[in-house]
Amino acid sequence: MTDHGAVTEPGDADDATADEPAEDGEPTESTAQTGAESVIASLETAGVETVFGVQGGAIMPVYDALYDSELDHVTMAHEQAAAHAADAYGAVSGDPGICMATSGPGATNLVTGLADADMDSEPVVALTGQVPTDLVGNDAFQETDTVGVTTPITKSNYFASSPDTVGEDVSTAFALANHGRQGPTVVDLPKDVTTGETDVDPVEPAVPDTVDVQTHADDEGVAAAAQTIVDADEPVILAGGGVVKGDATEELYAFATEHEIPVVTTMPGIGAFPENHDLAMEMAGMHGTGYANMAVTLTDCLLAVGTRFDDRLTGGVDSFAPDAEVVHVDIDPAEISKNIEADHPLIGDAGTVLDQLDEAMPGSPETGEWVEQCREWQQEYRLDYAAPEDEPLKPQYVVEAVDEATADDTVVTTGVGQHQMWACQFWTYTEPRTWVSSHGLGAMGYGLPSAIGARVAADDDQSVVCFDGDGSFLMTCQELIVAVREQMDITVFVLNNEAIGMVRQWQDAFFEGRRMASEYPWVPKFDTFAEAFGADGFRIEGYDDAPDVIEEALATDGPAVVDVYIDPTEDVYPMVPSGGDNGQFALSEEHL
Amino acid sequence: MSERNTERDGLPGPAPEDRRRPKGRRSSQGIRIDPEAEAEHPPRRTVISALVEHEPGVLARVSGLFSRRQFNIESLTVADTQNDDWARITVVVEEPDPGIDQVEKQLEKVVPVIHVRELETDAVTRELVVVKVDADRPHEVHAITEMYNGKTLDAGPRTITVELTGDEQKINDAIDAYRQFGIREIARTGQTALARGETKTAVVPDHLK
Ligand SMILES: Cc1ncc(C[n+]2csc(CCOP(=O)(O)OP(=O)(O)O)c2C)c(N)n1
C-alpha cells in the first residue's frame, strides 16, 4: 500500500518562488491566498483530481476557490450520496475520495456515508463548512457541532482554527485517511477561516508524528505461525477487506497456491482471490456458501488476513472455527483478539506479512485430503436455485446473466438487502476492487451513489453495473440526475420484488409472516421513472425478454435503469441466523 | 448469454444434523476453551495511564471511546504534565482481561495519544476527596481528620469540610468513618498515578521529545 496518493506539482497559485515574501518578512500581495484557496491547493498537492459535493452558505468560499482550480467537481443531489460516491471512489481507486458539504444539514447528511466508510475502512476526506468562529456554540443558523457528531464515526477529525493552518489540517486529514488502516476523516471549516488570508503554502500530506504504523511483523511470531500452518491438517485462509485494501491479492494468491490452502473470504474480502480458482471457497458467514462455512467451522488452522471478524461473518463466536489455531494478520493492533482470540497475532501490512510468512514456511502442509474434502463440499453444497418452467424470473439468473454478458473487470456495486446477497453469491468475482458494497453499516441507498463514485474512479473501458433493490434504489434514486448530467455509463438493475425483501424474508422466517411495512406494491415503474430523468429505461418481465434486454441496456452509452420484475417470493439461502452456528447453515426455511 | 436451465431445483446438500461437527468451542470472548471446563475471564480493576498531546478534543475522543464501547470506567483524571504540550490521562477500569487489552489498544489508536500502558500493581496512586459533614460533633470530626492525615478546609456552626488524599482504600475507609456524623456532600477527583521508582509511566519516542 502506498501511504500517499500520487503527488502532483503544486498549482501556480502556490508556486511561490516567483513571489518570495518581502525582505521584512511581510508577505507580498501576490502570495497571499484565502484559507479556502489553501484548502484547494492542499488537495491539489495531495494529487486529488475529483471532489463530490453539494453547495451551501458556509462552504461557499471553498466552492469559490474551486472555480479557478483544476479539480473536477461532481455536484450530487444529496450529501449522503457525495459521501457514498467518495467512499466508492476510494474502494475502486485505493486513493482517498473527497466529499464536501455545507455546515449543519449538509454535514449531518454526510453522516451515514461517513459511518459507512468508517465501518468498511474506506479512505474518505470530508470537508464541511462551519459558521464563523465567533458564532460557533451559539446555535447559529445552520450550525451543528460537526466534530462532535462525527467523532465516533471517523478515524480523526479537525476543527480548522486559522487560515494559516487550515491547509495543513487538510493535508493531515488526507494523509490519515490513507495511512495504515484507511478510514474517513473530516475537516470542519469555519467561514472566517476560509475567507481569511494567509501566506502559508500547502504542505505535502503527512501523518502526525504520534502515529506509528507497524508494517512488518516480528520475525519470531512469523516463524511460530509458519510452523503452525505447516503442521496443520485442515488449514484455511480467511481473506478480509484488508487484503484488497492493502493491495495484497498477488501475495495472497502466491501463498495459497504455493501451499495448496483453500481460501474463504469475508464480504469485503470478495475479489481478494479469484472465485473461479479451485481453491476458492468464496464467502463465509450469514449468507456465505455452504462450503465456505463448512471449511471455516472445521478447520484446524485459520490464517485470517485483514479481517475484523464481524458478527455477520462469525455468527456466534462460541461456534466459530472452534478447533482452529488462529493466525491473525492485521495492520490494526486493536483488531487482534477483539472478537476472536489470535493464537498468533501478526501485526503488519497484509502483503508484507504474507511474504514474510511464505519465506518462513519450513515446507507446505499436507493438504491433499482436506482439499479433496473441500471439493466435495463445493459439489455437495453448490449454490443453486429452483427454476421450474412455469415460475417467474429468478433474481439469481439475472445476476448470472449480467455477469456472463460483461467483462471480468466489471465493477459491481449494490444496495443492501437480498439483491446484495445474490450479487455476492451468483457473480464470479475474479479481480480486486470490482466488488463495492456497504458491508459493515449495511446502508440501503448505497448502490447508485457508489456506482457514480466507482464510475469516476474506474478506467474508461471498465463497465460499472449496480444491482439494487426497489427499496434501496428509492432511498437515493434522485442521484440518477447526476449520472444523466455527467453522461456516466452505468447500468442499474433494480431487482424489483415490490418489497423490502430481506425484511420480508425475516418476517416470514422469524415473525410468523406478519409482513409489517415490508411490502412495497406502490413502487414507481422504474423504467419510466428513469426516462423522466433523461436516462434510458428498460423493463424485464420474464425469462423470455431477459437476455435481449440485458444486452441492450448494457450496450447503452449513458446511464440505464432496468426494472427487473423478479419472483417476489424468492428468498436468500444458505442462511445462518444472527448469532447462529456457521456449520449449521440453513438451506431452506425448514432448517431454521 | 446463459441458457435457462429448468432442471435447477434449489440448494442441494445434507441437512444441518447430518453434517460433520467440530470438537471444540470458544467462550463468549472468542477464546478457545475446553468444552468441559468453560473459563470466562472475571473482571479485574486496574489503572491505565495515557500520555497525550495537549490539544482540544482529546478528552472528548477518549471519553467517547469509553462510552461507545461500554467499557466499565471507574474514574478518569486528566491534567497537564511537566511539558506544556502533553497531558496525562489516568483511567481506572474494571474489565475482564480481554477488555483491558482492548482499552489499551483503542486508546493507542486515538491520533493525539503518545503512549499508553497499564500500570503495575505497585504504582504510586493517589486520590483527593473533599467531604462535607454535619458539624454537631466537631471534636470527633477533627479526630477522624487527624487520624487520616486530612485537613479541615472550612468549619462553621452547621458544616465541616475536610480534604483527604490517599490511595483508594484509605479514602474509602475515611469516608466510612465520617458517615457517623452525617455526610452532606462528597467530591472525589478519581485516581491519578505514576509508575514506581525508575520505571517510566510513559515512553516518549525521541522524535516527540
Ligand atoms: C438505511 C437503511 N434502512 C433500513 C435498513 C434495514 N433493511 C435491511 S435490508 C432491507 C430491505 C432492503 O430492501 P430492497 O432494497 O428492496 O432489497 P431486497 O431485499 O428486496 O433485495 C431493509 C429495510 C437498512 N439496511 N438500511
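Sequence lines set the chain letters: A, B, ... in the order given, protein chains first and strands last, and positions in each chain run from 1.
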Problem set entry | Ion pair check, Arg188(B) and Glu127(B), cut-off under 4.0 Å | yes
Exercise. Which atoms of Asp323(A) come close to chain B, meaning under 4.5 Å heavy atom to heavy atom: side chain ones, backbone ones, both, or neither?
Worked result: both
Problem set entry | Working for side chain to side chain donor-acceptor pair (under 3.5 Å), residues Glu118(B) and Thr46(B) | CA-CA 7 Å; Glu118(B) 181 185 354; Thr46(B) 191; 2.7 Å; yes
Problem set entry | Which portion of Tyr573(A) sits near chain B, non-hydrogen atoms under 4.5 angstrom | both
Problem set entry | Interface moiety of Val113(B) toward chain A, non-hydrogen atoms closer than 4.5 Å | backbone
Seminar exercise, completed: Okay, Asp332(A) and chain B: the region with an atom under 4.5 Å from a heavy atom over there is side chain
For this session: Using a 4.5 Å cut-off on heavy atoms from C-beta on, say whether the side chain of Asp97(B) contacts that of Arg44(B).
Result: yes
Exercise. Of all of Asp212(A), Val326(A), Asn157(A), which one pairs up most often with chain B through heavy atoms under 4.5 Å apart?
Worked result: Asn157(A)
For this session: Could you tell me which portion of Tyr291(A) (side chain, backbone, both or neither) has an atom closer than 4.5 angstrom to a non-hydrogen atom of chain B?
Result: neither
Problem set entry | Portion of Phe585(A) that has a non-hydrogen atom of chain B nearer than 4.5 angstrom | both
Problem set entry | Check against side chain to side chain contact (heavy atoms under 4.5 Å, CB included), Gln373(A) and Leu298(A) | CA-CA 11 Å; Gln373(A) 167 69 82; Leu298(A) 290 160; over 6 Å; no
Exercise. At a heavy-atom separation under 4.5 Å, does Gln396(A) approach chain B through its side chain, its backbone, both, or neither?
Worked result: neither
For this session: Begin with the C-alpha distance, continue with both residues' side-chain angles, and end with the deciding distance and a verdict on side chain to side chain contact (heavy atoms under 4.5 Å, CB included) for Asp173(B) and Tyr148(B).
Result: CA-CA 9 Å; Asp173(B) 290 350; Tyr148(B) 283 98; 3.5 Å; yes
For this session: Examine whether an atom of Lys394(A) lies under 4.5 Å from a heavy atom of chain B, and if so say whether it belongs to the side chain, the backbone or both; otherwise answer neither.
Result: neither
Exercise. For Asp403(A), is it the side chain, the backbone, both or neither that has a heavy atom under 4.5 Å from a heavy atom of chain B?
Worked result: neither
Exercise. Ring centres of His328(A) and Phe309(A) under 6.0 Å apart?
Worked result: yes
For this session: Against chain A, work out which of Pro22(B), Ala15(B), Gly13(B) has the most heavy-atom pairs shorter than 4.5 Å and name it.
Result: Pro22(B)
Exercise. So which part of Asp581(A) gets closer than 4.5 Å to some heavy atom of chain B, the side chain, the backbone, both or neither?
Worked result: side chain
Problem set entry | Contact origin within Leu176(A) toward chain B - heavy atom pairs under 4.5 Å | side chain
For this session: Assess whether side chain to side chain donor-acceptor pair (under 3.5 Å) is satisfied between Asp567(A) and Thr569(A), documenting all intermediate values.
Result: CA-CA 5 Å; Asp567(A) 180 354; Thr569(A) 65; 2.7 Å; yes
Exercise. Just by modelled atom types, is the Val103(B) backbone N or O under 3.5 Å from a matching donor or acceptor in the Arg69(B) side chain?
Worked result: no
Exercise. Can you say whether Pro152(A) sits under 4.5 Å from chain B via the side chain, the backbone, both, or neither, judging by heavy atoms?
Worked result: both
Problem set entry | Under 4.5 Å from a heavy atom of chain B, the part of Glu234(A) involved | side chain
Seminar exercise, completed: Highest number of heavy-atom pairs under 4.5 Å with chain B among Pro333(A), Ser588(A), Gly290(A) belongs to Pro333(A)
Exercise. Which region of Pro98(B), side chain (C-beta onward) or backbone (N, CA, C, O), has a non-hydrogen atom less than 4.5 Å from a non-hydrogen atom of chain A, or is it both or neither?
Worked result: neither
Exercise. Taking Ser156(A), Ser337(A), Gly148(A), Pro574(A) one by one, which has the highest count of heavy-atom pairs under 4.5 Å against chain B?
Worked result: Ser156(A)
Exercise. Which is it for Val92(B) and Arg45(B) under the side chain to side chain contact (heavy atoms under 4.5 Å, CB included) test, yes or no, and what are the steps along the way?
Worked result: CA-CA 7 Å; Val92(B) 181; Arg45(B) 201 179 170 85; 4.1 Å; yes
For this session: Output yes when Asp167(B) and Lys170(B) qualify as a salt bridge under the 4.0 Å nitrogen-oxygen rule, no when they do not.
Result: no
Problem set entry | Structural part of Glu104(B) lying under 4.5 Å from a heavy atom of chain A | neither
Exercise. So does Lys209(B) pair up with Asp206(B), basic N to acidic O under 4.0 Å?
Worked result: yes
Problem set entry | chain B contacts, top residue of Tyr543(A), Trp377(A), Phe320(A), Phe159(A) (heavy-atom pairs, under 4.5 Å) | Tyr543(A)
Seminar exercise, completed: The interface call for Thr172(A) against chain B, heavy-atom contacts under 4.5 Å, is neither
Exercise. Measuring heavy-atom distances to chain A, does Pro205(B) have an atom under 4.5 Å in its side chain, in its backbone, in both, or in neither?
Worked result: neither
For this session: Measure Glu570(A) against the heavy atoms of chain B and call it side chain, backbone, both or neither at under 4.5 Å.
Result: neither
Exercise. Under 3.5 Å, is there a donor-acceptor pair linking the side chains of Thr145(B) and Tyr178(B)?
Worked result: yes
Problem set entry | Among Ala342(A), Ala586(A), Ala321(A), residue most engaged with chain B (heavy-atom pairs, under 4.5 Å) | Ala321(A)
For this session: Select, from Gly99(B), Pro14(B), Pro56(B), Gly57(B), the one with the greatest count of heavy-atom pairs under 4.5 Å involving chain A.
Result: Pro14(B)
Problem set entry | Stepwise side chain to side chain donor-acceptor pair (under 3.5 Å) check, Glu400(A) with Tyr385(A) | CA-CA 12 Å; Glu400(A) 285 180 336; Tyr385(A) 54 94; 3.1 Å; yes
For this session: Mind running side chain to side chain donor-acceptor pair (under 3.5 Å) on Arg21(B) and Ser319(A) for me, showing each step along the way?
Result: CA-CA 10 Å; Arg21(B) 299 292 298 144; Ser319(A) 53; over 6 Å; no
Problem set entry | Test item: side-chain donor near acceptor, Ser121(A) and Arg181(A), under 3.5 Å | yes
Exercise. Quick one: what part of Arg32(B) sits under 4.5 Å from any heavy atom of chain A, side chain, backbone, both or neither?
Worked result: both
Problem set entry | Pairs of heavy atoms under 4.5 Å with chain A: top-ranked of Gln102(B), Glu108(B), Arg20(B), Glu55(B) | Arg20(B)
Exercise. Salt-bridged, Arg184(B) to Asp134(B), with N to O below 4.0 Å?
Worked result: yes
